[in-house]
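The structure appears below as structure tokens.
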Amino acid sequence: MTLLEEIDKNNIPRHVAIIMDGNGRWAKKKGNSRLFGHKNGVKAVREATEAAAQMGVQYLTLYAFSTENWNRPKLEVDGLMTLLVSAIENETKKLNENNIRLHTIGDITRLPKNVRAKLNGAIDNTASNTGMNLVLALNYSGKWDITNAVKRISQDIKDNKINVEDINDTLITNNLTTAQFPDPEFLIRTSGECRLSNFLLWELAYAEFYFTETLWPDFSKDTFYEAIKSYQNRERRFGKISEQIKES
Ligand code: IPE
Ligand code: IPE
Ligand code: MG
């Protein structure tokens with residue numbers, strides 16, 4: 001039986017989020033530049049996207065650039081932006097062939113103009129696709145998103161549009177850049193690091209976490225299938241006890 005055949009098609013997480021980490025270390029191990037690692041990371045994005053669509057995942061969110069990543073050497077940041085442009089140019093056709101719709105989360109107004117233009121083009125170009133939703137987190141951080149939500153809600157209170165009593169889980173959720181997506185049930189992080197690095201702080205409240213030593217450029221469909229198999233062996237209790245879950 002192949003790994004894919006071992007996966008229960010009736011228990012696929014609707015939304016998977018991935019922290020794509022380890023490009024730099026992968027390149028260093030090969031005696032190459034960090035940018036070489038990022039270039040090879042693009043192939044892994046393709047693998048992950050195809051595998052997710054194949055399994056019937058409806059939303060795949062990829063952490064591509066954090067607000068903290070601006071602090072890297074300029075050469076690397078510039079290289080990442082250039083790579084983003086070429087990846088969008090090369091992959092949009094494939095997204096359309098596979099009926100995949102592209103979205104972004106994060107403050108893309110701070111990205112270079114040409115990157116923004118390419119991104120918006122690809123978003124428009126794929127807007128009528130009805131299959132999987134591919135969400136790229138760019139210039140994103142969870143704290144940034146929550147801070148903005150607090151500002152928006154505060155302004156609405158100030159303008160007498162809502163009362164303090166109206167603040168609840170749903171209102172906060174609806175004011176995040178992820179409002180239109182369901183919360184991820186499953187988070188994968190590659191490269192052996194076991195931290196969130198400011199990713200989807202609110203949305204991952206009840207997600208299952210999976211950490212693998214695999215460095216991002218080595219991430220393959222099989223790595224993804226293994227991760228999903230692990231997800232399927234977990235019991236999600238949401239505060240209840242095991243017997244209650246089995247009864248339902
Ligand atoms: C992830 O790989 C890609 C981005 C954060 C853009 P890294 O570049 O963080 O690789 P390591 O963690 O240094 O190996
Ligand atoms: C997290 O990876 C951000 C992305 C994958 C885009 P980093 O490599 O930037 O995270 P830290 O700094 O090691 O936590
Ligand atoms: Mg890293």
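Atoms within a ligand are numbered from 1 in the order they appear, just like the ligands themselves. Fair warning: this is a prediction, and the values are worked out from it, not measured in the lab.
Protein N/O/S atoms closer to the Mg ion (ligand 3) than 2.8 Å number 1 in this structure.
Listed by first and then second residue, the ring pair (Phe, Tyr, Trp, His ring centres under 6.0 Å) pairs that reach into residues 108-133 come to none, sequence neighbours excluded.
Taking both residues in full, the closest heavy atoms of Asp218 and Thr223 are given as O-OG1, 4.0 Å, listed atom of the first, atom of the second, then distance. Here the closest heavy-atom approach between residue Trp216 and residue Ala44 is recorded as O-CB, 3.1 Å.
Side-chain contact between Leu3 and Lys229: present, with at least one pair of heavy atoms (C-beta onward) separated by less than 4.5 Å. Side-chain contact between Ile172 and Ile153: present, with at least one pair of heavy atoms (C-beta onward) separated by less than 4.5 Å.
A distance below 6.0 Å separates the ring centres of Phe181 and His103. Under the 6.0 Å cut-off for aromatic ring centres, Tyr140 and Phe65 do not qualify, their centroids lying 6.0 Å or more apart.
Looking at Arg34 against ligand 1, only its side chain comes within 4.0 Å, counting heavy atoms.
By the 6.0 Å and 45° rule, Lys29 does not stack over the aromatic ring of Trp26.
Under the salt bridge (Lys or Arg N to Asp or Glu O under 4.0 Å) criterion, Asp78 pairs with Lys74, sequence neighbours left out.
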Pairwise, report which nitrogen or oxygen atoms of ligand 2 are under 3.5 angstrom from protein nitrogen or oxygen atoms, and how far apart they are.
{"residue": "ligand 2", "atom": "8 (O)", "partner": "Asp21", "partner atom": "OD1", "Å": "3.2"}
{"residue": "ligand 2", "atom": "8 (O)", "partner": "Arg72", "partner atom": "NH2", "Å": "3.2"}
{"residue": "ligand 2", "atom": "9 (O)", "partner": "Asn69", "partner atom": "ND2", "Å": "2.9"}
{"residue": "ligand 2", "atom": "9 (O)", "partner": "Arg72", "partner atom": "NH2", "Å": "3.2"}
{"residue": "ligand 2", "atom": "10 (O)", "partner": "Arg189", "partner atom": "NH2", "Å": "3.3"}
{"residue": "ligand 2", "atom": "10 (O)", "partner": "Ser197", "partner atom": "OG", "Å": "3.4"}
{"residue": "ligand 2", "atom": "13 (O)", "partner": "Arg195", "partner atom": "NH2", "Å": "2.7"}
{"residue": "ligand 2", "atom": "14 (O)", "partner": "Arg195", "partner atom": "NE", "Å": "2.7"}
{"residue": "ligand 2", "atom": "14 (O)", "partner": "Ser197", "partner atom": "OG", "Å": "2.6"}

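Of the candidates Lys240, Gln244, Lys246, Ser242 forms a side-chain hydrogen bond (donor to acceptor under 3.5 Å, both in side chains) with just one, namely Lys246.
Numbered from 1 in the order shown, with element, the atoms of ligand 1 that lie under 4.0 Å from a heavy atom of His38 read 3 (C), 8 (O).
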